[in-house]
Every structure is written in C-alpha cells, then in structure tokens.
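This report concerns only the one structure given below.
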Amino acid sequence: MIKIRLNGKTVEIERGKRISDQVKDRKYIAARINGELVDMATKITEDSSLELVDFSCDDGKKIYWHSSSHVMAMAVKKLFPEAKLAIGPAIDQGFYYDFDTKTPFSTDDLTRIEAEMRRIIEQDIPFERVEMEKQAAIDLFDGTSESFKVQLIEGLDDENISIYRNGDFADLCRGPHVPSTGYIRSFKLLSVAGAYWRGDVNEVMLSRIYGISFPEVDELNDFLEKVEEAKKRDHRKLGTELELFSIFEEAGAGLVYWHPKGAVLRRIIEDYWIQEHLAAGYKINITPHIARGQLWQKSGHYDFYIDNMYVMPVENEEYVLKPMNCPGHILIYKSRVRSYRELPIKYAELGTVYRKELSGTLHGLLRVRGITIDDAHIFCQPEQIDDEIVKVLELTKKFMNHFGFYDFRVELSVRDPKEKTKYMGTDEEWERAERGLVNALDRIGFSYTRMEGEAVFYGPKIDIKLVDALDRKWQAATVQFDFNLPRRFDIEYMDKDGQHKKVMVIHRAIYGSLERFIGCLIEHYAGSFPVWLAPVQVVVMPITDKENKYAESILKKCRKAGLRAELNNKSEKINYRIREVEVSKVPYMLILGQREVVDKVVSVRKHKEGNLGQMKLKDLFHLIESEQGGAN
RNA sequence: GCCUGGAUAGCUCAGUCGGUUAGAGCACGUCCUUGGUAAGGACGAGGUCGCCGGUUCGACUCCGGCUCCAGGCUCCA
C-alpha cells in the first residue's frame, strides 16, 4: 500500500492503481502528481500528493482544448486521408490544427468535419499514452507518411517520445489528455486560415482550422455571445457610427481620414501630450515628411528598410517619404556642438511617417500605412540612462492611467546570448542598457516578461502592449536603446574634460502611434468617452420652438466656458431626440422647457445614467470640470 | 505578400437558378406635428449591384484579372 495526499486528506491505496480507479467524477480531466501534469490513467507507484485538474483552471483548459484538436485531427484524417498532420496546439482561446492538403479547406468543409467529430465523440474513444524510443517513433510516422511529425521528432532532444493513440489514430504529443473523446462535450470550428509551416514564409503553406470547445453547452453559447458583444466595440464599427474617421478605398488602404469628431478627439490627445511633454522637459520639434535618399543611406534605413519605404524622384535625385523620425531629430541635435551641460536633450515630435505595410496586415486604425508616432529621442550621457528610463516609464504610466488603461502587458526584449555577433554595440553598452531598463521596471513596479532574442539589432527595448475588444495585443509604448544611429551619424557631446564623447540615444513613444492608440481607446471605452475626451460634450435641446432663444443663449455660454457643445432643435419630439443623442454617446444633454426658462436653470441628463434634474448652468460647469481630470 | 471568405443605397441587410422598372429598416430632405427624459405621421430623394475584361441576343448574377474588406499566417528597422 502507498499513501496519497488528496484534498488535504491522506488516503492509502494499492500500489500501481490508476488515478481514474480512485476518482470517478468525469468533471476531472487530468491530474497533477507532485505538481506534474499527468493523465487520469496514470498509475500511482509511490507516496505522492495528488491534485485533480478540471476545465476551470488554465492548465485544464489547455488540456481540454489540446484534446479537442486531436479529435478534430482524427475527423480530418477520416474525411481527408491524404491530409498530413502538422501541429495542433491549444491557444489562449481554443485550439487549432495545421494540415497539409492538396486544396486548402473551405468554410464548407467545417460542417462536415464537425459532424465527423460528433461521431468520434459519441464513440468515446480512449486517449492512450504510448512511450517509445525516438527511432521507433520516427519509423512509426515515416510509415504513415506523416513527414511533418518525423521532422518534429528529429528536432527533439529526448530519446523517449510519447505518442497518444485514439484507436488507429496516433499523434506525437507530450500530453496529458482527457481520458477519452467523449469528454469533449460542446465545440465549434470557427475559421480556416493559411499558416506557414514553422511560421516561415519560405516553407509550405498549411491549412489551419481554428476551434473552441467547452464541457457545457451554455459555456459555448456564452463564448459565442461574448465574441458578438466584443464586435460591437470594434473601433471600425464605432468609428463609422460616431463619425470619427474613414478609410477610403478610392484613396488608398491604410490611410486614415479623420472626420471633425475624430479630429477633435485626436487633437485633445495631442494637446495633452504636448502639455505633459513640455512639463517633463521635452522640447518639441517638427521635421519634414520627405528627405533626400542619402540621408536614409546614412541612417542605414535605405539598406535595411527599403521594402517598407516610399521612394520618389525629385529632379535628378531620389527622395524618401520618411518611415522614421529619428534622422530628423539627429540632424537638429547635430546642428551645433552640444555640451554635457545641456544633456539630456529630449526632442519630441508628433511625426507622421509612412510605411509600406503589407496589405494583408492592415487593420482599421490598429495597423495603417500613415502612422503618427508620438516620437521622442533622448540624447544623454551613459550615467544619465537610469534616471531617464525611469522618467520615461513614469510618464508612460501616467498617460496610461489617465486614459483608463491599468492592465497592460510589458515586455523586456534583450539580445540572444547565443548570437551576440548579430547585434550592434559593445557588451558593456548592452549590459548597461539592460540594467537601466530592468532597474526602471523594478522601480516603477511594472511586472514584465523577459523576451530573450527579441531585441532589435541596435539595442534592447521595453514594449507595452494594449489589447483590443477581442483581446488581441497591439504594441503601444516603446523604449528602445539605439547603438546604431550615434555611430552612423557620429553624434557627440563635449564632456567636462574637454573630450568629445559619443552620446547615448534612446527612442521612445508612449501612444506608439496616434492611430493605433485611438483605435484601442475607442474599443476600451466602447465609444462612450469620458467627458474630457468626448468630441461633443453637451447637446442643448429645447423642448419646443418657444425655448429656442433660451437654448441659443445656453449654447453660447457653454461654448464660452470652453465646452464642446451643439444644439439639437430639430422638429422631432424630445423623446426622439433624447434617444438620438443617447445613442451617439454624448456625455451630457441639457433639456430646456418652459420650466427651465422661467427658473433660469437647465435640466441635465447624463449619458447612461439618465435625468440628473435641474441645476444652474454654473453648477453643470463645476460638475463637468470635476470630471475633466480623465480616466472616468 | 500568402490562405479562406466577402463586396448590392450613407449604415445594416434582403434579392436576382442569366431577362427589361433591384427592395426593406435606419439615416437624410420636405410638409404636418410643438411633443417633458430612449424611436409621432405623410410624402420624397438616394444604387454604374467594388473596378476592368471575357462568355452570351442579354451579365448585378457565370468565368478571368484587379482593388478593397474580414479572419488568420508572415512581417512589424
């Protein structure tokens, strides 16, 4: 007999019994023995602590979805025997499987595959773990012409390979899995997509099927409903409805036309940025949109980035539409000799750059070809790095919180220690820079993920990512060291000791791009902007024509007080107009009838909250003023 | 750029198995209505059915190319 500890109790069981012999509840799909995830069919051979895993935890979901992908692969192999298996992992929301097929799957195929999956689930086929030597596994998959599996196994370091079998279907897999196919209760195949083998453009394109599954039907319905709800927050939909911006086919993809309401929103965001940056010691500059090709040759962009640049002839020369703001800022820095006394010099610009992004990557405001970067370059001495990074992160945090973002992902990208030669700059520079970044992250209290090998060749960086309505991550803020441009442009400062020394350059952006940031912001607020951001803050509505004059005077006073106010006195009933304005998500309505005229007050209705009753105009101004701070 | 879908009025969508005048709701305009906290009524205007070619007596519909859009992949110096 051996002892196992389960749910705080110690139980004695026979050695070699399976977990599933002990636990009959089908809610549990896997277990942890001494912390290690295992199948329910695992035999217990020694004293151990046992935990049961169900769908409610992240590990449980991963196992459930991964098993679902196997079921899908079984169905596909049944219907399309010639399809070769590639990989089929669980992802954050569901699972996918990649197949190599002669003709890619169409959306019509999904229905057939779903039907076959249902049959497989009904048969409740067990998942069986089989372990074998590497060569045996290679032979097995070679025998079934599963060349991708063979490639995968050949890439593994382990000499022991685990395979999961369901009847005559076998798949290379670390596991664990649910005990049998019947555990997959409620599922849906969501979409098909092309995906390159190993994510490499030069490799074959596979056909990927995405799906989702849950133990309960209700959970699937909730999931699908949530996706539908999220689509209502889509900035592209809200952008049209709220008349914020357009992208015109006839004018070109990825190029944003800001309508008056979007333009005023953007202007507020820009004004706030300029005000905060001036206060933080940045100097604003403005640089042209085009520059001679040779400037970009000097910066290195011409060699590294030419595919993304718009190049045009001007007389006998080539000019380039700027893809970056850096060279411009460097020219201004270099315009005269700089003293250590001036450093740090911080140049900031809301600079619109143009990049030839691939058509397939464009996405509303979140991925465009005309990108307005809230760019700044910090020129400083090496010993100023730490303080400057901290200041950048402090400012970033202030901005994020001001716009109501408290939850975002922070990534620290450093070089690949195995391939140091791929990178520009000395070891000392890299180490010092990384120390500065880590130190700043710790001081600000940002938790972050360290991404080894994710740094760009010219320096380490910190990226901050925001999420859209569908939880997709988009890079916003970034702080990047640059060991390349100072060398290429030979930019220096005169130090205390009378020596010219190389200046450090730090690129940084907080919004990332105005376009992307506003896209995220629209989805974050679902179009109901706090009053300080709302393109229209107040709509004045006389109930009948008799109040028109009073309404005009109120409108004038609102505008004089600096509010973005409009009049709505169209020939519709007040209920109709209230609905109209409510739907347009304007924070405040002022409803004016005879009572208000006589008492010299306004009747206030707040978006989403309803009637606040009558108040003096002055009190409304105080109320709005109290909300102007942002975030709510 | 690659894969799978898609494009009909400003918006959301119906429709046409190839046939003469392509519909609805919302929005918009005019008129009636002057209504107290989420949709009053009548009438009206609005479409090269994404673009270019081909097949056909005839194409919005079928075929090809292109553009753009969606979801992915890749890229994101």
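Just so it is clear, the model here is predicted, and its values are computed rather than measured. Because only heavy atoms are used, hydrogens play no part in the values below, and waters and symmetry mates are left out as well, while side chains stay in. Throughout, protein chains are lettered first and strands after them, A, B, ... in sequence-line order, and every chain is numbered starting at 1.
Taking the 5' to 3' direction, RNA chain B first and last meets chain A under 4.0 angstrom from a heavy atom at B/G1 to B/A77.
In this structure, A/Arg605 reaches the bases: a heavy-atom distance under 4.0 Å links it to at least one base atom across the strands shown. At the heavy-atom level, A/Tyr210 lies under 4.0 Å from the strands shown only through sugar-phosphate atoms. Looking at heavy-atom distances under 4.0 Å, A/Leu358 makes contact with a base. Backbone-only contact: A/Phe105 has heavy atoms under 4.0 Å from sugar-phosphate atoms and none from a base. Heavy atoms of A/Asn575 sit under 4.0 angstrom from primed sugar atoms or phosphate atoms, though from no base atom. Among the protein residues, A/Thr107 comes within range of the sugar-phosphate backbone only, with heavy atoms under 4.0 Å from sugar or phosphate atoms but none that close to a base. A/Glu243 comes within 4.0 angstrom of no nucleic acid atom, judged by non-hydrogen atoms across all strands.
In this structure, A/Arg409 pairs ionically with A/Glu411, as a charged nitrogen and a carboxylate oxygen lie closer than 4.0 Å. We find that A/Arg450 and A/Glu434 are joined by a salt bridge, their nearest charged nitrogen and carboxylate oxygen being less than 4.0 Å apart. The pair A/Lys149-A/Glu146 fails the salt-bridge criterion, with no side-chain N (NZ, NE, NH1 or NH2) lying under 4.0 Å from an Asp/Glu carboxylate O. A/Lys237 and A/Glu241 are joined by a salt bridge, as a carboxylate oxygen and a charged side-chain nitrogen come within less than 4.0 angstrom of each other.
Within the shown strands, B/G29 is the pairing partner of B/C43 under the Watson-Crick or G-U definition, both distances less than 3.5 Å. When both distances must be under 3.5 Å, the Watson-Crick or G-U wobble mate of B/A22 does not exist. Across all strands shown, B/G5 forms a Watson-Crick or G-U wobble pair, both distances under 3.5 Å, with B/C69.
Only the C1' atoms considered, B/U30 is 42 Å distant from B/C17, to the nearest whole Å. Using P as the reference atom, B/A9 and B/U61 are 15 Å apart when rounded to the nearest Å. Remark: the separation of the P atoms in B/U48 and B/C66 is 25 Å, to the nearest Å.
Residues satisfying the salt bridge (charged side-chain N to carboxylate O under 4.0 Å, His left out) criterion with A/Lys570, sequence neighbours excluded, are A/Glu580.
Of the N and O atoms on the side chains of A/Arg516 and A/Gln475, not one donor lies less than 3.5 Å from an acceptor on the other residue.
Cation-pi check for A/Arg208 over A/Tyr96 is met; the charged atom lies under 6.0 angstrom from the ring centroid and within 45 degrees of its normal.
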